[in-house]
Q: 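Structure provided below as structure tokens; questions to follow.
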Amino acid sequence: METERSTDLAIRYPRHSPEPSDPSSGDPDAPSGKSSGLLSILRTVQRNILLVAGVSTIVASTIALKATTLTPSYTGSFRLLVEPVTTEARQAQPLTVTRTDGQVPNQDAFVLDYPTQIAILTSPKLVSQIVDRVQTKYPDFNEGALLGALKVQRAVEEGTGSPTKTIEVVYGGEDEDLVRFVLEQTAEEYLRYSLEDRKTSIGEGIALIEDQLPRTQRQVNNLRSQLQALQQRYGIIDPNTQGQQLSSRVGEITNLQLQTQRDLQEQRTLYENLQRQVALSPQEAIAASALSENPTYLAILEDLQAVESELAIETSRFTEENQRVQRLRDRQANLIAQRDRVAEQIVGSAPSSSVSGFQNSVRIGLINQLVAAANQVQILEVRSQQVAQAGSQANQQLARFPAIAAEYGELRRQLDNATRRLDALQNQQDTFSIQAAQSEVPWELVKAPGEPTEIPSDSKRLIAAGVLLGLLAGVGAALLLERWRNIYYSPTEIQEALQVPVLGVVPFYRGASQPPTIAAISYSENYDDRRAAPVAFQEAFSALYASIRFLGNAPIDSLVISSAQPGDGKTTVALNLAQTVAMMGNRVLLVDANLRSPQLHNKLDVSNLKGLSDVLTSGATVESLIQKSALSDNLFVLPSGQPTPEAVRLLASNRMQNLMHKARSSYDLVIYDTPHLAGITDASFIAPYTDGILMVVSVAKTDRSMLMQAHNELRSFGLAEMGVVVNYQNRRAKSPTSYTRTHTGQAAAQARLPNPEPEHVSK
């Protein structure tokens, strides 16, 4: 029943869901994402202009000071010819005669490996020798100073960019004499290396290869012999192909064996059936078949059958003592004896009664089938034995083949590896032979180290870069400071972050936390805009009510006022808004729904002994606990009552929903002051039965993260956010007068009701 009542209330009093502002809508005044981000940065810089200026000045001054102290640097270079230039020089090399029969070899055969050669020139060994040379004049010189400024590269032709056969060495530094001396010593060391070290290292390489080459050749020959012996022993040519063939053969033998077993089983079944039908063994069947084909035997059987027929007739007429019956008995005995003698002559032994009896054509046919089936069974049994023997041999070969194939594969792999090593050694031997031939002629210094060239310092460009870098550092410091503070500084930032309308801006007022008074403040009173005088404070709530009044098509008759965190001024906003609306002639009920830590009774100086908690727990009537405020005849207050730990359960009850329904029908506007949303869900149970939640955000105080968390939770719960009230509790915040006037005018311009005057509806 309680669930049905809750559903009924939800249907009868749906929430007003004001649509959040969409930055991609057609509003020409709405800033785009990029422009909004740029404006946010500009506002950050404006707020922290002193920090930006200070950091920028320090960075720019440091770089400028560094630029003024820069000294000019010097650079010099030389070039070495490291390859033969002409075809004649190539023909003079020993390898030309030994490898190409006197013909000019391919040009690529003698191309120098420049990356490797450059790596050798900058290796620790050569660098150390150059440093030793330089230290004879400059003792403090070290390898780091050389490698940090030494550049060795293949030279290219100017204009075309084509690579040449020369290596260019460049070195620079601040000491002109040191640069010149380093280049001279480097050139001498490289020339010495071209004739001595290269020849020595190449000779060592050739000796090493000549030592390894015979062993590798013997290993290749040995592996080839082992592989050939394995192939001959097992008749292997290609293990993969032969393995497939052997596997196919085993499959065929298996299929043949299965077919033979099926045929044998069929013949055995046929034989057993025929044997039961004729009741003869195979030998008896053969004898019966032979007797049935002998004419003499058949004639005797016919005579015997005739005598037995006649005897049967006579014995039915006469007794055994009758002479005619006795003569027939004697003749029958003679025919049986004669039959047995003939049968013995035909089959070699006296046949049984079943064999010697008369065989008709049907039994003869069955006897022939029995004999054929017996013969076929013997044939299939022999075939089955032969197939089984062949299958056993094939399976043995197949079981042994993986080991043979593995041995073959391992020998093949070792042979391939050894062959590759042999080829590599032979190729390296050829390469060393080429290098040995080239090393017979030292490199040529085609460009000697000359006077180093001065490189002036670019101080102006460095200063300009310092200014730009200082500006970026200042802006970055300002952004980091803003991120660390994690607060909002203006209503514009709040609206851009939440994407909900800012319905009102409450200026800073020193007496805002004190209870309002009945005495009206003269609008002609002079006040200072920068300090947000009381008149501006009161006008802010009038503008807030106008924004709420013209927010949607339907009038707003109930709302929840809350905040993301404690101390944002939500109770002050709720009280002053209620007083402002009441002074306009509307009946207003201000409900203190903060059952945890109520504050309204202190500001209004009313009793809090009993209140909302008593209505929800003890069943007290609402009318008996509503108190009339001294601030206005139209302002009524329902205090919270004594604090209770069961606030969530009470606010989510059906009794609370019925109370809210009754309040809406009795007052022009009902305002619920609820606890903050930081870890407390009290407002979430009240908001669905009102027109929405009005969030109070304090500039320069409310934590950005907590506000966004509360905003996202409201959206995830499907609760409507009417808008935001920006509260300037911090006196250091910028005066919002211009923003208040502009946005109040926009709220009025967006009104959708035909009559801009507020309606006073009695409920």
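Computed from heavy atoms alone, side chains included, the values below leave out hydrogens, waters and symmetry copies. This one's a predicted model, so the numbers in the text were calculated from it and none came from an experiment.
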Q: Tell me, with the steps shown, if V179 and D175 meet side-chain contact (heavy atoms from CB on, under 4.5 Å).
A: CA-CA 6 Å; V179 170; D175 189 339; 5.7 Å; no
Q: Do the side chains of E168 and R154 get nearer than 4.5 Å, heavy atoms only?
A: no
Q: About how many Å separate CG of D132 and CD of E143, when rounded to the nearest 0.5 Å?
A: 8.5 Å
Q: Taking all atoms of both residues into account, what is the closest heavy-atom pair of L425 and I209, and its distance?
A: O-CG2, 3.6 Å
Q: Do R420 and D416 sit within salt-bridge range, that is, some charged N less than 4.0 Å from a carboxylate O?
A: no
Q: Do R421 and Q219 pass the side chain to side chain donor-acceptor pair (under 3.5 Å) test, and can you show the C-alpha distance, the side-chain angles, and the key distance before you say yes or no?
A: CA-CA 10 Å; R421 286 198 302 271; Q219 184 182 10; 2.9 Å; yes
Q: For the pair Q129 and R192, evaluate side-chain contact (heavy atoms from CB on, under 4.5 Å) and give the outcome as yes or no after the intermediate values.
A: CA-CA 11 Å; Q129 293 175 356; R192 185 201 61 78; 2.8 Å; yes
Q: From L223 CG over to T419 OG1, what is the distance, rounded to the nearest 0.5 angstrom?
A: 8.0 Å
Q: Should L270 and Q267 be marked as a side-chain contact (heavy atoms from CB on, under 4.5 Å) after you check the CA-CA gap, both sets of side-chain angles, and the distance that decides it?
A: CA-CA 5 Å; L270 177 61; Q267 291 299 321; 4.0 Å; yes
Q: On the six-membered ring of F181, is K137 placed so that its NZ or CZ lies under 6.0 angstrom from the centre and within 45° of the ring axis?
A: yes
Q: Which heavy atom of V220 sits nearest a heavy atom of L422, and at what distance?
A: CG2-CD2, 4.2 Å
Q: Check whether any side-chain heavy atom of V134 lies under 4.5 Å from a side-chain heavy atom of L146, and answer yes or no.
A: no
Q: Mind listing the closest non-hydrogen atom pair of F141 and L178 along with its distance?
A: CD1-CD1, 4.1 Å
Q: With side chains defined as the heavy atoms from C-beta onward, is the minimum distance between V82 and K165 less than 4.5 Å?
A: no
Q: Side-chain donor-acceptor pair under 3.5 Å between Q389 and Q385, yes or no?
A: no
Q: Within the distance-only criterion (no hydrogens, no angle test), does the side chain of S128 pair as donor or acceptor with the backbone N or O of K125 below 3.5 angstrom?
A: no
Q: So R715 and N712, side chain to side chain donor-acceptor pair (under 3.5 Å) or not? Walk me through it.
A: CA-CA 5 Å; R715 290 204 167 184; N712 293 332; over 6 Å; no
Q: With rounding to the nearest 0.5 angstrom, report the OG1 to CG distance, T260 to L264.
A: 8.5 Å
Q: Please find the pair of heavy atoms, one from K447 and one from F78, that lie closest to each other, and give the distance.
A: O-CB, 3.0 Å
Q: Using modelled atom types and a 3.5 Å cut-off, is there a donor and acceptor pairing between side-chain atoms of N222 and backbone atoms of R218?
A: no
Q: Could you tell me whether the side chain of S716 and the main chain of E713 form a donor-acceptor pair under 3.5 Å?
A: yes
Q: Mind checking the CG-CD spacing from L380 to Q259? Nearest 0.5 Å is all I need.
A: 10.0 Å
Q: Could you tell me whether the side chain of E444 reaches within less than 4.5 Å of the side chain of L80, counting heavy atoms only?
A: no
Q: Got E176 and R180 here, is their nearest side-chain heavy-atom distance under 4.5 Å?
A: yes
Q: Side chains of T164 and V156: closer than 4.5 Å at any heavy-atom pair?
A: no
Q: Is any side-chain heavy atom of Y193 closer than 4.5 Å to one of I120?
A: yes
Q: Filter on salt bridge (charged side-chain N to carboxylate O under 4.0 Å, His left out), then keep only pairs touching residues 257-275, sequence neighbours left out; what's left?
A: R268-E381
Q: Could you report the tightest heavy-atom contact between Y171 and L183, atom names first, then the distance?
A: CB-CD2, 3.6 Å
Q: When you measure from the side chain of T122 to the backbone of I118, do you find a donor-acceptor pair of N or O atoms at a distance under 3.5 Å?
A: yes
Q: At what distance, to the nearest 0.5 angstrom, does OH of Y190 lie from CG of L126?
A: 6.5 Å
Q: Distance only, no hydrogens: is a donor on one side chain within 3.5 Å (strictly under) of an acceptor on the other, for Q257 and S384?
A: no
Q: Answer yes or no: is there a donor N or O on one side and an acceptor on the other, between the side chain of T186 and the main chain of V182, under 3.5 Å?
A: yes
Q: Taking atom CD of Q226 and atom CG of N221, what is their separation to the nearest 0.5 Å?
A: 11.5 Å
Q: Keeping R79 on the side-chain end and A155 on the backbone end, is there a donor-acceptor pair under 3.5 Å?
A: no
Q: Mind checking whether Q153 and K151 have side chains closer than 4.5 Å, heavy atoms only?
A: yes
Q: Could you pull out the closest heavy-atom pair between A187 and L445, with the gap in Å?
A: CB-CD1, 4.3 Å
